[in-house]
Amino acid sequence: MSLLRIIPIIILMRIVLCIPDTTILQLSAELNIKIQIYIGFGKESNDFPGSDDNYPKLVILRNISEEFKTYHDEPVLLIIRLERDLDSNLATLDVLRSYLMDRQYNDILLIDKDKENVHSYMDICKAYWNAGFSHLLIYNSQDQLWSINPYPYLQIRPTNLKEYIKNRYNRNLMGYPLRVLVTNDPPHCFVDEDELPNSPSRYKGSIVTMLKLFADQLNATFQANPFRGFQRYSTAQCVQMVSNDEIDACGSIFIRTYMYATSQPVRLNRVVIMAPFGNAIEKFYYFFRPFDLYVWIGTGIIVVYIALMGSLLHRLHFGAWDVGQYLLLAVQTLLNRALSLPQSPRGSKLLLLLLLFAIGFVLSNLYVALLSMMLTTKLYQRPIENVADLKAANVSILLQTHNIRPNSVYGSSEELRERFLLVEESLHLEKRNGLDPSYAYVDSEDRMDFYLYQQKFLRRRRMQKLSNPVGYTWAVQVIKQNWVLEKHYNDHVQRLFETGLQNKLVDDVHELAVKAGFLHFLPTQTQTIEPLRLEDIVMAAMVLGGGHALAGICFLVELFA
């Protein structure tokens, strides 16, 4: 019978057969059941008698899965009559999938009055287990109770009500495998090449450590499923592997949406930009300092001074002004020829040359001192503090293909998106892992802290994390839909968050990466102060001495020639 035919006719009510009322009432009381749901087939609700206990009953004549999930999400007990053929039972299970989403909270009691149905119990239990219904009890025609024993492998066994309730809260999984998708995606998960291939210690990271602690608490086995080539997998690839029942959870963090099952969100993950701290100015730029505005102004003052003084001497000697001739003479003197003055008294000529020498001495000393200071001291660009500074410095944000959609979810601004530069993953990893200050990078805050940890021993940092985040997202892991361990795992994550151990795992992963050889510190810079040596000032001394010698020769030639 198809699912579309079952949905209109399935009715949740009391079944017309001898049901062990004592067992049902005791089970409901022990498990704090809020509502009993009886499932059978019929046309009208009047065809079925009511019950004499005080538990509320639910009669449904149509598909109201949304209303049921909204208003009846408390613990329920489902009492289902088993049919003769397996297909009918599986069809009923398909209907339950649409009604019950949080299946690990529900208990199911299967009533079997058919003596020939014993051999199909294993198939039925396996189907319910795979669908996420982990608490299953069977009452057969011999007044016997059977339950699922999933650990360390799935089987069914006879039981009683007391033993079932005790095993329901059992947290010993007896080595049951916890399948986790792992790869090189630090700081959440990375590979320690020094460990043996089959060793659980081969895989480290903040999320992987969290899953290992969870497996240890439940006495389960952490089973690492490496992704092909240890490449970074996308969310779609992870969801596909979970849907194919290849893994139970992914060892990384993803953004929370309603498109796939995720762990319970308990903390926000900030999305930040890692920008250059302030790049050092290249030294070849220093030699262009003579062409700065102040140097041109000083040169212009010298030209005007020579033109005015030459014209004044010409006026005193010949009785007429000739500014144009001496202006051209001053410019020619700066380019390729010596200064030639008209006939004048020796005292006036000496005064002019002494003044020119003093001006040249001051300017040459000022330039040499400034140049030597810049050659021995590093100068840096203005620090980047926000997106506007990033744009003003013309710094691009490197982005990979799989980051496009998350950044659209983060709600990044148009001003930020126009700085994005899409590159290949290999290039992005090379630049980001080495903290290349030519670009900026955007990702979750814990990932940025991981790579910035390499600067721990640097006197001056290469990169910095901008204080203002560009977005927020829930830190969750993709898990199997209706995973039987979902409730246990969510409780585990909640305890780690409440006790602060989650933050400790994020901090400890830095040292783990260094020990594993995955993270390398940048070359250490000395933090001592040393006095200047002769080699440090020899260039400046040679330039200064040469300038003075040339100025003295010119002065003597002009004075005596």
Side-chain angles (χ1 to χ4, degrees), residues 181-192 203-211 227 230-235 238 250-256 262-263 265-277 390 397-410 412 416 420-423 425-437 439-456 461-478 502-514 516 518-522:
L181 183 63
V182 296
T183 189
N184 264 329
D185 184 21
H188 309 142
C189 176
F190 56 90
V191 182
D192 187 352
Y203 305 99
K204 297 178 171 62
S206 56
I207 303 302
V208 168
T209 304
M210 186 186 305
L211 289 165
F227 190 70
F230 291 117
Q231 300 176 356
R232 181 176 180 179
Y233 51 81
S234 63
T235 305
C238 170
C250 297
S252 190
I253 287 183
F254 299 90
I255 59 174
R256 177 173 172 83
T262 62
S263 60
V266 294
R267 66 181 180 93
L268 281 175
N269 202 4
R270 290 167 25 120
V271 181
V272 297
I273 294 178
M274 184 169 67
F277 188 79
L390 203 69
I397 302 175
L398 290 191
L399 201 69
Q400 302 177 70
T401 305
H402 64 265
N403 287 133
I404 295 178
R405 185 179 177 277
N407 276 281
S408 64
V409 176
Y410 297 153
S412 56
L416 180 64
F420 288 160
L421 177 62
L422 192 63
V423 296
E425 182 175 1
S426 58
L427 179 61
H428 182 274
L429 293 178
E430 177 186 352
K431 299 294 185 181
R432 184 197 61 187
N433 296 4
L435 299 182
D436 189 340
Y439 303 96
Y441 313 89
V442 59
D443 214 320
S444 59
E445 186 173 28
D446 59 343
R447 197 185 301 275
M448 292 294 125
D449 290 339
F450 178 81
Y451 287 103
L452 289 174
Y453 186 73
Q454 300 175 94
Q455 303 181 140
K456 184 174 183 179
R461 295 173 288 168
R462 290 188 185 180
M463 305 289 290
Q464 63 175 334
K465 181 180 61 178
L466 301 189
S467 58
N468 295 329
V470 296
Y472 297 88
T473 178
W474 287 111
V476 297
Q477 295 87 52
V478 175
Q502 197 168 52
N503 292 333
K504 186 179 186 304
L505 293 178
V506 174
D507 294 336
D508 289 348
V509 75
H510 302 156
E511 296 294 341
L512 289 176
V514 174
F518 190 90
L519 195 65
H520 301 280
F521 289 120
L522 297 176

Where do [X] and [Y] come nearest, in terms of heavy atoms and distance?
X    : Y    : value
V476 : S263 : CG1-O, 3.5 Å
N433 : Q454 : O-NE2, 3.1 Å
A440 : L390 : CB-CD1, 3.9 Å
P186 : Y451 : CG-OH, 3.5 Å
Y453 : F521 : O-CE2, 3.5 Å

| Short N-O contact, E445 and K465, less than 4.0 angstrom |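 A salt bridge is present here (some side-chain N lies under 4.0 Å from a carboxylate O).
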| Are K504 and D508 ion-paired here, with the side-chain N under 4.0 Å from a carboxylate O? |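 Yes, this pair counts.
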Reported [atom1]-to-[atom2] distance for the pair [X] and [Y], which is rounded to 0.5 angstrom:
X    : Y    : atom1 : atom2 : answer
H510 : S206 : NE2   : OG    : 8.5 Å
F277 : L452 : CZ    : CG    : 11.5 Å
F450 : D507 : CZ    : CG    : 12.5 Å
F227 : N184 : CZ    : CG    : 12.5 Å
E425 : Q231 : CD    : CD    : 7.0 Å
M274 : R432 : CE    : CZ    : 7.0 Å

| message | Before you tell me yes or no, could you show the steps for Q502 and R267 under side-chain hydrogen bond (donor to acceptor under 3.5 Å, both in side chains), namely the whole-Å CA-CA distance, both residues' side-chain angles and the distance that decides it to 0.1 Å? | response | CA-CA 10 Å; Q502 197 168 52; R267 66 181 180 93; 3.2 Å; yes
If you define the side chain from C-beta out and look only at heavy atoms, does anything of [X] sit under 4.5 Å from [Y]?
X    : Y    : answer
V208 : K204 : no
S444 : R270 : no
L399 : Y441 : no
N269 : I253 : yes
T473 : L268 : no
P469 : V271 : no
V442 : V470 : yes

| Do any N or O atoms from the side chain of R462 and from the backbone of Q455 form a donor-acceptor pair under 3.5 angstrom? |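 Flag not set: sc R462 to bb Q455 has no pair under 3.5 Å.
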| task | Look only at the side chain of T183 and the backbone of F230, and say whether a donor-acceptor pair between them is shorter than 3.5 Å. | result |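 Judged by distance alone, yes, a pair lies under 3.5 Å.
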| request: List the steps, then state whether side-chain hydrogen bond (donor to acceptor under 3.5 Å, both in side chains) holds for H188 with D446. | output: CA-CA 9 Å; H188 309 142; D446 59 343; 2.8 Å; yes
| request: Could you point out which residue of L181, L211, T262, I207 forms a side chain to side chain contact (heavy atoms under 4.5 Å, CB included) with Q477? | output: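 Between Q477 and the candidates, side chain to side chain contact (heavy atoms under 4.5 Å, CB included) is satisfied uniquely by I207.
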| field | Verdict with reasoning, F190 to Y203, per ring pair (Phe, Tyr, Trp, His ring centres under 6.0 Å) | value | CA-CA 6 Å; F190 56 90; Y203 305 99; 9.8 Å; no
| query | Is there a donor in the side chain of D185 and an acceptor in the side chain of S252, or the other way round, less than 3.5 Å apart? | reply |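 There is such a pair between these side chains.
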